[in-house]
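Below is a structure I'd like to ask you about.
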Amino acid sequence: MEGSATFILLPKWAAALEAVPPGVVLHVDFKGLSYIDHACLALLMNWKKQHEVTGGALILDWETLRARFHHARPRPRQTCIIRQDAPNADGNSREQRRAA
């Protein structure tokens with residue numbers, strides 16, 4: 001896994017985990033993971049418990065995963081702010097155009 005694991009990925013993660021047959025030993029590599037949020041971490045922990053009931057196992061480095069949760073943070077998105085009163089090409093703002 002690489003990048004950030006956030007709640008947006010939950011449906012994909014849940015579908016991938018559901019596809020794992022009962023009794024299988026699943027190894028997951030998180031070396032490329034920079035961040036994991038609480039929702040994804042909880043999904044993995046809950047799935048692990050359920051999967052162990054079937055005789056399966058989830059093998060991963062829990063310490064590294066928890067470190068990604070506690071210490072790393074996703075990079076903030078760059079946002080574009082569009083002002084409602086921004087002037088158009090003729091230099092008049094929307095408010096000025098309404099008044100005209």
Side-chain angles (χ1 to χ4, degrees):
M1 307 198 101
E2 293 183 358
S4 295
T6 64
F7 69 95
I8 294 170
L9 295 176
L10 278 180
K12 286 184 177 183
W13 276 35
L17 292 172
E18 282 182 30
V20 176
V24 168
V25 176
L26 178 64
H27 293 262
V28 182
D29 180 9
F30 288 104
K31 290 178 186 168
L33 190 69
S34 60
Y35 172 75
I36 186 167
D37 71 4
H38 182 265
C40 291
L41 186 59
L43 174 69
L44 286 173
M45 293 186 322
N46 291 330
W47 184 84
K48 177 184 183 285
K49 290 177 189 175
Q50 294 172 357
H51 191 61
E52 286 174 343
V53 171
T54 72
L58 176 60
I59 309 296
L60 54 89
D61 183 355
W62 287 100
E63 280 187 43
T64 299
L65 191 59
R66 285 190 181 100
R68 298 292 192 278
F69 172 69
H70 289 292
H71 301 295
R73 293 289 177 242
R75 294 189 340 201
R77 290 185 183 176
Q78 292 182 351
T79 57
C80 177
I81 299 172
I82 300 172
R83 293 182 47 170
Q84 293 293 331
D85 62 344
N88 65 5
D90 65 3
N92 293 326
S93 70
R94 179 185 290 189
E95 295 301 320
Q96 289 170 328
R97 287 190 298 275
R98 277 192 210 149

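Atom set for the values below is all heavy atoms of this structure, side chains included, hydrogens, waters and symmetry mates excluded.
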Exercise for the section: For T64, enumerate each residue passing the side-chain hydrogen bond (donor to acceptor under 3.5 Å, both in side chains) test, keeping only those at least two apart in sequence or located in another chain. Expected result: D61
Practice task
Sequence neighbours left out, what pairs pass salt bridge (Lys or Arg N to Asp or Glu O under 4.0 Å) with at least one residue falling in residues 14-41?
Solution key: none
Practice task
Would you check if L41 and W62 make a side-chain contact, meaning some heavy-atom pair closer than 4.5 Å?
Solution key: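 Result yes, sub-4.5 Å side-chain heavy-atom pair found.
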Exercise for the section: Could you list all the salt bridge (Lys or Arg N to Asp or Glu O under 4.0 Å) pairs where at least one residue sits in residues 46-58, not counting sequence neighbours? Expected result: K48-E52
Exercise for the section: Examine I8 and L17 and state if one hydrophobic cluster contains both, with Ile, Leu, Val, Met, Phe, Trp and Tyr joined whenever side-chain heavy atoms are less than 4.5 Å apart. Expected result: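 Yes, I8 and L17 fall within the same hydrophobic cluster.
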Handout entry: Shared hydrophobic cluster, M45 / L43 (ILVMFWY, side-chain heavy atoms < 4.5 Å)
Key =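 Shared cluster, yes.
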Practice task
Please list, chain by chain and in numerical order, all residues satisfying side-chain hydrogen bond (donor to acceptor under 3.5 Å, both in side chains) with Q50, sequence neighbours excluded.
Solution key: none
Practice task
Tell me whether L58 is reachable from V25 by hopping between hydrophobic residues (I, L, V, M, F, W, Y) whose side-chain heavy atoms are closer than 4.5 Å.
Solution key: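 V25 and L58: separate clusters.
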Practice task
Give every residue pair that meets the ring pair (Phe, Tyr, Trp, His ring centres under 6.0 Å) criterion with at least one member in residues 41-60, sequence neighbours excluded.
Solution key: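 Counting only pairs at least two positions apart or across chains, the ring pair (Phe, Tyr, Trp, His ring centres under 6.0 Å) contacts touching residues 41-60 are W47-H51.
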Problem - Nearest heavy-atom neighbours spanning G3 and L33 - result: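 What the structure gives for the nearest pair is O-CD1, 3.2 Å.
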Problem - Criterion side chain to side chain contact (heavy atoms under 4.5 Å, CB included) on C40 and T6, from CA distance to verdict - result: CA-CA 6 Å; C40 291; T6 64; 5.5 Å; no
Practice task
Not counting sequence neighbours, list each pair that qualifies as a ring pair (Phe, Tyr, Trp, His ring centres under 6.0 Å) and has a residue in residues 12-34.
Solution key: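 Pairs touching residues 12-34 that pass the test: none.
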Handout entry: Any side-chain heavy-atom pair of L65 and L44 under 4.5 Å
Key =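 They are in side-chain contact.
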